[in-house]
Q: 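Can you keep this structure in mind? I'll have questions shortly.
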Amino acid sequence: MSIICEIWFAFSWLLDQLPKLCPINRATDLNVLKEKFETPSLANPTGKSDLPGVDIFVSTADPEKEPPLVTANTILSILAADYPVEKLSCYVSDDGGALLTFEAMAEAASFANLWIPFCRKHNIEPRNPESYFSLKKDPYKNKVRPDFVKDRRRVKREYDEFKVRINGLPDSIRRRSDAYNTREEIKAMKLQRQTAGDEPMEPSKVSKATWMADGTHWPGTWTVPTHEHSKGDHAGIIQVMLKPPSEEPLHGTTVDDNSPLDFTEVDIRLPLLVYVSREKRPGYDHNKKAGAMNALVRASAIMSNGPFILNLDCDHYIYNSQAIREGMCFMMDRGGDRLCYVQFPQRFEGIDPSDRYANHNTVFFDVNMRALDELQGPVYVGTGCLFRRTALYGFDPPRSKDYHSGCCSCCFSRPKKSSSVSSAPEEHRALRMGDSDDDQMNPSLFSKRFGNSNFLIDSIPVAEFQGRPLADHPAVKNGRPPGALTIPRELLDASTVAEAVSVISCWYEDKTEWGNRVGWIYGSVTEDVVTGYRMHNRGWRSIYCVTKRDAFRGTAPINLTDRLHQVLRWATGSVEIFFSRNNAFLASPKMKILQRIAYLNVGIYPFTSVFLIVYCFLPALSLFSGQFIVQTLNVAFLTYLLVITLTLCMLAVLEIKWSGVALEEWWRNEQFWLIGGTSAHLAAVLQGLLKVVAGIEISFTLTSKSAGDDNDDEFADLYIVKWTSLMIPPITIMITNLIAIAVGFSRTIYSTIPQWSRLLGGVFFSFWVLAHLYPFAKGLMGRRGRTPTIVYVWSGLIAITISLLWVAINPPAGNNQIGGSFQFP
């Protein structure tokens with residue numbers, strides 16, 4: 001068994017190490033970008049921005065789980081981004097259709113009139129108000145304007161009032177709805193009395209509607225769900241919260257009733273802000289987040305049609321106001337037209353100082369992802385990603401016939417001579433959906449792929465053209481002329497918004513390729529990885545953009561159970577990928593060999609848990625049986641063990657050195673790799689096998705919770721113990737190894753000829769396993785040892801079971817019956 005495990009570990013280690021052969025670090029120069037796109041020239045005499053438009057998507061689904069205040073802060077950081085205002089658009093997807101989210105966004109739009117000019121005037125960083133006002137460093141450092149202190153004090157007061165309004169929205173909506181519903185009930189009763197006369201009447205039934213501030217029914221989900229007003233059954237909603245800005249800068253005024261601050265030298269324009277809630281009806285598969293993102297792709301194509309799309313989770317805000325410009329440096333570079341997306345690393349706030357459960361994921365984001373950057377690029381991780389719109393539309397990259405990857409091309413693609421020259425126009429050759437000339441852009445076929453919206457179909461070649469790099473050098477192929485994007489964009493009208501509403505209907509995707517080849521891909525829990533895989537499989541490249549100042553920051557679960565369930569979801573998605581046609585074994589020749597290996601590792605890594613479980617029990621088995629893994633600790637075995645250990649340590653030190661990961665972070669990652677491998681990964685493999693073999697789907701849910709008393713503690717969630725069945729395997733491993741150590745010591749002490757070498761070998765490896773599980777054990781203890789009773793119950797049951805099982809397998813000497821010589825009288 002140990003040999004089989006060693007072979008698998010060697011195989012998985014190779015899968016993990018081979019893609020790391022070509023690490024690379026990239027850097028951007030924002031001054032060059034500004035000089036090239038925003039400086040007066042012959043083609044652009046006015047120096048107006050020639051940068052392409054960017055549509056930013058923010059997704060949220062449940063205001064109870066995703067607080068509206070967090071989403072509002074994310075929106076404010078987006079609207080304040082350092083990017084041309086007229087080129088920036090923000091779309092908020094509310095997949096729950098909640099009035100609470102809608103009114104919170106309206107409040108954010110109102111507060112933005114003060115917050116965004118304040119950020120521009122004083123160059124504020126970060127531009128998330130909650131994060132900015134929570135900074136522990138000196139807020140006045142490097143600030144020289146004499147009115148900064150007064151302005152900051154006023155904005156802080158306005159923000160506090162804004163938070164109170166957001167927090168009071170649920171109560172406000174409830175009181176308003178109760179008042180309107182009472183009025184409707186009274187009206188219904190009066191009407192019933194007038195029509196019934198003296199006849200006996202039954203009480204009239206009036207739906208408990210949710211009412212908007214203007215006295216109309218909310219078309220989305222009601223607080224008391226009813227037909228056509230529930231989470232899975234409501235109309236599509238699009239509301240323009242902030243209209244498209246003018247093309248020319250608009251400066252503010254001095255302090256007056258309409259302007260509490262002096263914005264005479266500040267551009268007070270705000271980007272386009274749109275609230276979107278797609279239509280949902282019973283009987284349709286809405287495909288969760290992937291379906292919501294595809295609805296935003298279609299709606300944004302009609303309303304603003306930015307050639308680039310940045311998607312963010314509602315709790316991930318822009319920490320570096322120039323992050324979009326950093327990503328655009330790669331997209332607008334030579335050869336940038338072959339980039340499908342620029343992925344930024346995820347950085348997190350609110351993590352406990354010791355990072356007990358490796359929430360920062362620094363080894364993944366700073367080692368694995370950076371190493372992939374020299375291949376075809378990093379995988380897509382769900383948020384903080386700048387997409388090329390035409391890549392999401394399922395088109396192949398430009399000049400796709402000129403590149404291919406063979407078995408001997410490992411890391412690098414080589415040019416391939418084209419057998420024929422297409423006579424199609426240049427802009428048509430840039431939109432290709434296959435390798436044959438018949439698959440050139442043909443608008444007549446677009447309705448079968450993209451649906452029957454002519455607005456959407458007409459926007460596709462426009463987005464492709466606007467997303468091209470500048471043709472300012474002979475080496476730039478498939479470029480656009482300088483100054484082409486300085487013309488004003490069309491204004492929104494009622495017909496445009498009506499068309500956008502039609503493309504977010506639940507029936508629009510029927511008999512199209514949305515979710516199959518176009519947009520975010522359906523059918524997987526980890527739709528992000530599959531979507532990126534499909535793009536790489538078509539020959540696109542991606543880039544990993546690590547900025548000096550973090551581009552985005554978000555939150556992560558610091559509670560043990562929440563973290564395990566997060567890892568379970570990721571691992572379940574990987575198992576689904578392995579058993580689907582998105583398995584890297586089935587990748588096209590356009591994907592490079594090492595990139596294929598990286599994707600293969602994404603689908604295979606959960607299966608390592610099976611062998612990891614075995615290895616965690618082997619030290620205990622050797623202590624129980626008195627037989628070490630090898631017969632004796634001879635020089636050959638110790639030399640082999642020393643060489644392997646030193647080699648792995650040297651590789652770890654090398655990764656730490658070039659990636660900048662701290663040793664403590666690396667060790668935390670190793671610890672949680674074993675914790676997750678023996679719990680969530682094993683459950684994911686079980687789920688995947690049951691689903692594939694028997695079609696059975698099981699889920700692991702929370703059953704009990706024990707919380708601490710200190711509500712003011714920033715890391716209170718860290719000490720909350722929620723029981724879940726995922727905890728059973730690690731608890732079993734810990735108790736088994738502890739009992740085995742006790743048995744081994746007892747046997748050695750009381751034996752005639754003590755064999756300390758075997759004991760030390762088994763105890764060392766058992767302690768090594770326990771050292772990895774230490775954060776897990778600490779998490780079970782809660783705050784000040786307040787461990788839930790269920791943990792003690794399971795621990796006792798497991799200990800008794802192990803003891804009885806061992807007595808049954810290896811009964812005491814001279815007795816072959818369980819229970820020894822005890823007999824009932």
Side-chain angles (χ1 to χ4, degrees), residues 16 19-33 54 56 77 81-83 125-128 131 308 310-313 316-333 335-336 338-349 351 355 358-388 411 528-529 532 535-536 540-556 594-595 598 602 652 654-666 668-669:
D16 183 63
K20 299 178 183 178
L21 295 178
C22 309
I24 188 173
N25 290 319
R26 301 183 187 272
T28 59
D29 191 338
L30 296 181
N31 292 326
V32 174
L33 185 75
V54 178
I56 304 180
S77 72
D82 184 6
Y83 200 77
E125 293 285 355
R127 299 189 176 182
N128 174 322
S131 298
F308 296 98
L310 172 66
N311 87 289
L312 295 173
D313 289 342
H316 274 71
Y317 68 92
I318 296 181
Y319 186 74
N320 180 355
S321 63
Q322 295 188 319
I324 302 175
R325 291 178 178 269
E326 300 258 10
M328 208 56 68
C329 287
F330 296 106
M331 289 295 193
M332 293 291 102
D333 202 4
R338 291 182 53 82
L339 297 181
C340 55
Y341 61 80
V342 175
Q343 177 67 61
F344 294 85
Q346 292 185 20
R347 306 301 186 198
F348 302 101
E349 295 178 336
I351 306 298
D355 193 13
N359 292 95
H360 284 297
N361 275 334
T362 50
V363 173
F364 174 75
F365 287 114
D366 292 340
V367 179
N368 299 63
M369 294 282 279
R370 191 174 289 182
L372 290 175
D373 201 11
E374 182 59 18
L375 307 179
Q376 263 182 274
V379 299
Y380 167 44
V381 294
T383 184
C385 190
L386 181 67
F387 283 99
R388 184 178 298 277
C411 298
D528 44 6
V529 176
M535 294 181 183
H536 286 141
W540 288 95
R541 282 184 50 83
S542 60
I543 290 291
Y544 197 53
C545 181
V546 182
T547 56
K548 292 182 179 179
R549 177 183 175 86
D550 294 345
F552 310 101
R553 283 193 178 180
T555 59
L594 293 184
Q595 188 76 19
V602 169
L654 183 63
E655 287 185 358
I656 289 172
K657 284 294 183 183
W658 71 259
S659 65
V661 175
L663 181 61
E664 183 182 4
E665 292 175 326
W666 177 85
R668 285 282 184 251
N669 180 79

Q: So, do R549 and P126 sit near enough that their side-chain heavy atoms are less than 4.5 Å apart?
A: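 Yes, their side chains come closer than 4.5 Å.
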Q: Side-chain contact test, heavy atoms from C-beta onward, threshold under 4.5 Å: evaluate it for N368 versus D16 and give yes or no.
A: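 Yes, their side chains come closer than 4.5 Å.
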Q: Can you see which heavy atom on G382 is nearest to which on D313, and at what distance?
A: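 For G382 versus D313, the nearest heavy atoms are O-OD1, 4.1 Å.
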Q: Show the nearest heavy-atom pair for residues V342 and C545, with the distance to one decimal.
A: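 Minimum heavy-atom separation between V342 and C545: CG1-CB, 3.6 Å.
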Q: When rounded to the nearest 0.5 angstrom, what is the spacing between SG in C329 and CZ in R26?
A: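 If we round to the nearest 0.5 Å, C329:SG and R26:CZ are 12.5 Å apart.
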Q: Atom CE of M331 and atom SG of C340: how far apart are they, to the nearest 0.5 Å?
A: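 With rounding to 0.5 Å, CE (M331) is 7.0 Å from SG (C340).
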Q: Tell me the closest heavy-atom pair linking A598 and L372, and the distance in Å.
A: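 Answer, listing the atom of A598 first, then L372: CB-CD2, 3.4 Å.
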Q: Report yes if the side chains of E665 and D366 come closer than 4.5 Å at any heavy-atom pair, otherwise no.
A: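 In short, these two side chains do not touch, never coming nearer than 4.5 Å.
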Q: Between R388 and L339, is there a donor-acceptor pair closer than 3.5 Å when you use the side chain of the first and the backbone of the second?
A: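 Yes, R388 side chain to L339 backbone: donor-acceptor pair under 3.5 Å.
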Q: Donor-acceptor check, side chain of N361 to backbone of F364, threshold 3.5 angstrom: yes or no?
A: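 No: the side chain of N361 does not pair with the backbone of F364.
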Q: Run Y317 and E349 through side chain to side chain contact (heavy atoms under 4.5 Å, CB included) and show every step you take.
A: CA-CA 11 Å; Y317 68 92; E349 295 178 336; 2.6 Å; yes
Q: Indicate yes or no: at least one non-hydrogen side-chain atom of I324 is less than 4.5 angstrom from one of I56.
A: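 Heavy-atom side-chain distance check passes, below 4.5 Å.
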Q: Would the distance check show the side chain of T28 and the main-chain N or O of L30 forming a donor-acceptor pair, the cut-off being under 3.5 Å?
A: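 No, T28 side chain to L30 backbone: no donor-acceptor pair under 3.5 Å.
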Q: Check ring pair (Phe, Tyr, Trp, His ring centres under 6.0 Å) between H536 and all other residues, then give those that pass, not counting sequence neighbours.
A: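 So H536 forms a ring pair (Phe, Tyr, Trp, His ring centres under 6.0 Å) with Y341, Y599.
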Q: If you round to the nearest 0.5 Å, how far is CZ of F344 from NE2 of H316?
A: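 Spacing of NE2 (H316) from CZ (F344) equals 13.0 Å.
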Q: If the plane angle is over 60° it's perpendicular, under 30° parallel, otherwise tilted; pick one for F348 and H360.
A: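 If you compare the ring of F348 with that of H360, the planes turn out tilted.
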Q: Below 4.5 Å, heavy atoms only, C-beta onward: do L663 and I656 meet side chain to side chain?
A: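 With C-beta onward as the side chain, the pair touches.
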Q: Mind checking ring pair (Phe, Tyr, Trp, His ring centres under 6.0 Å) for Y544 and listing every partner two or more places apart, or none if nothing turns up?
A: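 Once residues adjacent in sequence are excluded, Y544 has no partner under the ring pair (Phe, Tyr, Trp, His ring centres under 6.0 Å) criterion.
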Q: Between atom CG of D373 and atom OG of S542, what is the distance when rounded to the nearest 0.5 Å?
A: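 One gets 7.0 Å once the value is rounded to the nearest 0.5 Å.
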Q: Is the shortest heavy-atom distance from the side chain of Y380 to the side chain of M535 under 4.5 Å?
A: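 No, too far: nothing below the 4.5 Å cut-off.
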Q: Ignoring hydrogens, what is the shortest heavy-atom contact between E374 and R541? Give both atom names and the distance.
A: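 Looks like O-NH1, 4.4 Å.
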Q: Closest heavy-atom contact between P345 and F365?
A: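 Distance-wise, the nearest heavy atoms are CA-CD2, 4.2 Å.
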Q: Nearest 0.5 Å, what's the CD1-CD distance between I543 and Q376?
A: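 Answer rounded to 0.5 Å: 11.5 Å.
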Q: So which atom in T547 and which in E326 form the shortest heavy-atom distance, rounded to 0.1 Å?
A: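 Closest approach of T547 to E326, heavy atoms only: CG2-CD, 3.6 Å.
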Q: A side-chain contact here means heavy atoms from C-beta on lying under 4.5 Å apart; do L310 and F552 qualify?
A: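 When only atoms from C-beta onward are counted, F552 and L310 do touch, with a gap below 4.5 Å.
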Q: Would you say R325's side chain and D82's backbone share a donor-acceptor pair under 3.5 angstrom?
A: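 Yes, R325 side chain to D82 backbone: donor-acceptor pair under 3.5 Å.
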Q: Where the side chain of S77 meets the backbone of N128, is there a donor-acceptor pair that is under 3.5 Å apart?
A: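 Side chain of S77 to backbone of N128, a donor-acceptor pair under 3.5 Å: no, none is there.
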Q: Please examine the side chains of E125 and S321, heavy atoms only from C-beta on, and report whether any two atoms are closer than 4.5 Å.
A: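 Yes, side chains in contact.
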Q: Return the set of residues passing salt bridge (Lys or Arg N to Asp or Glu O under 4.0 Å) with D550 (not counting sequence neighbours), or none when no residue passes.
A: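 Once residues adjacent in sequence are excluded, the partners of D550 under the salt bridge (Lys or Arg N to Asp or Glu O under 4.0 Å) criterion are R347, R553.
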Q: Spell out, as yes or no, whether a donor-acceptor pair under 3.5 Å connects the side chain of Q343 to the backbone of T383.
A: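 Present.
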Q: The test is side chain to side chain contact (heavy atoms under 4.5 Å, CB included); show your working for W666 and T362 and say whether it passes.
A: CA-CA 8 Å; W666 177 85; T362 50; over 6 Å; no
Q: Might you work through the side chain to side chain contact (heavy atoms under 4.5 Å, CB included) test for M328 and L386, ending with a clear yes or no?
A: CA-CA 9 Å; M328 208 56 68; L386 181 67; 4.2 Å; yes
Q: How long is the span from the NZ atom in K548 to the CD atom in Q322, to the nearest 0.5 Å?
A: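 Here the interatomic distance stands at 12.0 Å.
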